[in-house]
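Heavy-atom basis, side chains included; hydrogens, waters and symmetry copies ignored. By convention in this document, chain letters (A, B, ...) are assigned in the order of the sequence lines, proteins followed by strands, and residues within each chain are numbered from 1.
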Protein chains: 2
Amino acid sequence: MANIFDVAKRAGVSIKTVSRVMNDQSAVRAATRERVLKAMKELDYNPSHAARELRSGRSRSIGMLFGDPSSGFQSRFHHAALQACDEVGYFLAAGLFDERADDWDKQLSAFLARTRVKNMILVPPLCGSTVLHDQLIERGVSFVLISPTQPVDGAPSISMDDFTAAKEITSHLLELGHRRIGHISGDAEHIATKRRREGYEAALAGVSGAEIDESLIQPGGFSFDEALDVAEAMLSRPDRPTAIFASNDEMAAAVYFVANRLDLRVPEDVSVVGFDDIPLARTIWPPLTTVAQPYEAMTHEAVRKLTRSDATSGPDDVTLGYELKIRQSTAPAPKR
Amino acid sequence: MANIFDVAKRAGVSIKTVSRVMNDQSAVRAATRERVLKAMKELDYNPSHAARELRSGRSRSIGMLFGDPSSGFQSRFHHAALQACDEVGYFLAAGLFDERADDWDKQLSAFLARTRVKNMILVPPLCGSTVLHDQLIERGVSFVLISPTQPVDGAPSISMDDFTAAKEITSHLLELGHRRIGHISGDAEHIATKRRREGYEAALAGVSGAEIDESLIQPGGFSFDEALDVAEAMLSRPDRPTAIFASNDEMAAAVYFVANRLDLRVPEDVSVVGFDDIPLARTIWPPLTTVAQPYEAMTHEAVRKLTRSDATSGPDDVTLGYELKIRQSTAPAPKR
DNA sequence: TTGAAAGCGATACCAA
DNA sequence: TTGGTATCGCTTTCAA
């Protein structure tokens, strides 16, 4: 495998010039740069990332921590991150992280020590831990938050417009004639929970017959298991809602689950909508109407923020668009 | 961050001795080793993997390629691999791989060039590509196959006992009184497809009334979308089966999907069993009876084979145990 | 059993 | 705009 000396020799320059070309430094004449580039291509040159990392002290990896393995949410981010890192020639250093463990700070230290990453992308639910943020700041690790619980000083955040999306999907339900619409909200600490709930309430506001009923809004912690109980309670009521908006797809799956157990049909007896568009959403019956998060765009933006030297470019906090996926879990409200 | 010199100084030895201790080389007196270990701990020493890699020319990463992002199957392997690599101080280099793309050999070259991995774990469906194997062999990359399509010379393989598991889960159906049991098989090229089908046939053999009906055995390519059509055909027959054994969970989900569309109830009208135990299996309604693959054990074994220097230890091909997960998608056969 | 010195392939400082 | 050379932290060879 060719190294920098081979390239330098072939291009008739010094290794330093080759290095300059690789690192996009300006002080190289265009003609020289071309020669070097050509030599690299001809030799199928690939810089040794070990050597670059060793000498520069900078890691060319971006860290990402994963928790619950069953979350379709995280695997979509993983996929997007792999893509985004590829494109900028970085590596993705994935780590496991058990949020429920006591020694999570040890886990973090070990991860940082092993990988030496200096840049991380934090996705929910981990991105909400202030203790985690403090540790990272203390260790001089930069990070970008995706869909964060709350803003963190000095850390850019990337989100989608949860409020509008929630409002829109709730309006979809209203247009179908639903007036009693339940909401299973997420983890109380997460800002998306609040935004989605607000969107839901905003859609309801002013629609006659669709007044907000606090008892129809219950927390499900973004968890399938937790939502099971909430859905059970909601659907067992004599005045049960004709539609339920779950704050994520896993909780929507829990609603399906309970509906089936109670012999209610989706969407004939109860319409269900979710949020996220994880793979599950199109695999269950009926295919779930939901909001597709811009996983790819969010992750690309995060990687860009972490790798662009002109860190001042663009605003610190970015909000990206979503897509409403109308599938078959919603139908006109049943007559009573 | 402490380096090897700091450790050497503190332990009162040369850096070479520290290196020996790190690399588990025998030629170090026990007392010396202890001193070095103590110094490392006190200084919270973490060797620079960049330096080790650079100098030794060996990559400390194990490569793993991921295809279809929606596969719960792959995300379970990813999780297991992350764990297993952690334990032996290796890194997981994950790569994206589009099997349908024409330039997949370019993708592979790029992956190998960038990461310089010399060890890979190949999981389905990628592990079946002979072209991939040839490329890897040509490039001097060692690999372990998990649940391979077919044996590859010189590459150890790790599988589970597909035959017995399939036989057992089919027997479960027989015990419930089912006699017409459909089978949606997997990708024809994959050996697991064959083994599972054989297990299914073996269970049926000799059970009166449960003779094999070739028209009840149809290929679904391990794919949700493909299985949709097959399930539709099978469940639309006047003499439709009372139970279906799908060769993986995603295809079982497709059976649920179609059953619902046709107004058949699972398990009252048709029992369904799958294979793999992906996260989906317990999230859909009713929870799917399936075979849990030993993801963690398989992956650990693969990592062990790749990292243990005593490569001769143990047989080349290993078969691991599975677990039957009886859930609620199976019920006694309906009377006709 | 231990140590001295060379060198892996880049980057960075200082000169030219 | 370009090049020489020290250097990052470790492993390896050779010698003691």
Side-chain angles (χ1 to χ4, degrees), chain A residues 1-37 39-40 43-61 89-91 112-118 307 309, chain B residues 1-37 39-40 43-61 89-91 112-118 307 309:
Chain A
M1 181 147 265
N3 67 19
I4 197 171
F5 288 92
D6 302 325
V7 175
K9 189 182 294 172
R10 185 170 194 112
V13 298
S14 75
I15 59 165
K16 176 67 232 210
T17 298
V18 177
S19 170
R20 285 195 180 98
V21 171
M22 277 197 284
N23 294 284
D24 264 335
Q25 288 172 0
S26 42
V28 178
R29 194 167 19 191
T32 312
R33 146 172 280 109
E34 287 314 314
R35 272 216 317 283
V36 171
L37 256 17
M40 295 208 273
L43 293 170
D44 191 23
Y45 170 69
N46 280 96
S48 151
H49 89 274
R52 300 181 84 173
E53 206 166 305
L54 173 59
R55 177 59 242 226
S56 72
R58 275 193 296 274
S59 158
R60 308 205 119 244
S61 297
Y90 269 62
F91 298 87
L112 294 176
R114 273 206 339 272
T115 64
R116 309 227 174 161
V117 295
K118 289 284 171 301
T307 56
S309 46
Chain B
M1 183 150 263
N3 66 19
I4 197 172
F5 289 93
D6 303 325
V7 175
K9 189 184 291 173
R10 185 170 195 112
V13 296
S14 77
I15 60 165
K16 173 68 228 203
T17 298
V18 176
S19 171
R20 287 197 179 95
V21 171
M22 276 197 282
N23 294 284
D24 264 335
Q25 288 172 1
S26 42
V28 179
R29 193 164 24 187
T32 312
R33 147 171 278 108
E34 288 313 314
R35 272 215 318 283
V36 172
L37 256 16
M40 296 207 276
L43 293 170
D44 189 23
Y45 170 69
N46 280 95
S48 152
H49 90 274
R52 300 181 82 174
E53 207 166 305
L54 175 57
R55 180 58 243 230
S56 71
R58 274 193 296 275
S59 158
R60 311 204 116 244
S61 296
Y90 268 62
F91 298 88
L112 294 176
R114 273 205 341 271
T115 63
R116 310 226 172 164
V117 295
K118 288 284 171 298
T307 57
S309 47

Self-check item: Stepwise side chain to side chain contact (heavy atoms under 4.5 Å, CB included) check, A:I4 with A:S19
Solution: CA-CA 8 Å; A:I4 197 171; A:S19 170; 4.2 Å; yes
Quiz item: Over how many whole Å does the gap from B:N23 atom CG to D:dT13 atom C1' extend?
Solution: 15 Å
Practice problem: Heavy atoms only: give me the nearest A:R52-A:R60 pair and the separation to one decimal. | Solution: NH2-NH2, 3.5 Å
Quiz item: Looking at A:R55, does any N or O in its side chain come under 4.0 Å of the phosphate oxygens OP1/OP2 on C:dA12?
Solution: no
Self-check item: Length of the CD-C1' vector between B:E53 and D:dT12, whole Å
Solution: 17 Å
Practice problem: State whether B:S48 places a side-chain N or O below 4.0 Å from either non-bridging phosphate oxygen (OP1 or OP2) of D:dC10. | Solution: no
Quiz item: Does A:N3 reach the side chain of A:S48, with side-chain heavy atoms less than 4.5 Å apart?
Solution: no
Practice problem: Starting at atom CE of A:M40, determine the distance to atom P of C:dG9, rounded to an integer number of angstrom. | Solution: 17 Å
Quiz prompt | B:K9 backbone acceptor or donor facing B:D6 side chain under 3.5 Å | solution = no
Self-check item: Check: B:Y45 and B:M22 side chains under 4.5 Å, non-hydrogen atoms
Solution: yes
Quiz item: Rounded to whole angstroms, how far apart are CG on B:D6 and P on D:dC8?
Solution: 12 Å
Quiz item: CZ of A:R35 versus C1' of D:dT2: gap in Å, rounded?
Solution: 11 Å
Quiz item: Any side-chain N or O of A:S14 less than 4.0 Å from the OP1 or OP2 oxygen of D:dT2?
Solution: no
Quiz prompt | Which residue lies more 5' along DNA chain D, comparing A:F5 with A:R33 via nearest heavy atoms | solution = A:R33
Practice problem: Have a look at A:V18 and say if it touches a base, only the backbone sugar-phosphate, or nothing, with a 4.0 Å heavy-atom cut-off. | Solution: nothing
Practice problem: Specify the separation, in whole Å, of atom CZ of A:R114 and atom P of D:dG9. | Solution: 20 Å
Practice problem: Determine whether any donor atom in the side chain of A:R20 lies under 3.5 Å from an acceptor atom in the base of D:dT2, or the reverse, and answer yes or no. | Solution: yes
Quiz item: Per the atom types in the model, does the base of C:dA4 pair as donor or acceptor with the side chain of B:K16 at under 3.5 Å?
Solution: no
Quiz item: Does B:R58 place a side-chain N or O at less than 4.0 Å from the phosphate oxygens OP1/OP2 of D:dT12?
Solution: yes
Exercise. Would you check if B:M40 and B:V21 make a side-chain contact, meaning some heavy-atom pair closer than 4.5 Å?
Key: yes
Quiz item: Under 4.0 Å between a side-chain N or O of A:T32 and OP1 or OP2 of D:dT2?
Solution: yes
Quiz prompt | Nucleotide nearest B:R29 when distance is taken to its side chain, options C:dG3, C:dA12, C:dT1 | solution = C:dT1
Quiz item: For the pair made of CD1 in A:I4 and P in D:dG3, what is the distance, rounded to whole Å?
Solution: 12 Å
Exercise. Using heavy atoms to find the nearest nucleotide of DNA chain C for B:L54 and B:T17 separately, return the residue whose nucleotide is more 5′.
Key: B:T17
Quiz prompt | Among C:dG9, D:dT12, C:dG3, the one nearest B:S56 by side-chain distance | solution = D:dT12
Quiz item: Between B:G12 and A:M22, which is nearer to the 5' end of DNA chain C once each is assigned its nearest nucleotide?
Solution: B:G12
Quiz item: Is the shortest side-chain N/O distance from A:R52 to OP1 or OP2 of C:dG9 below 4.0 Å?
Solution: no
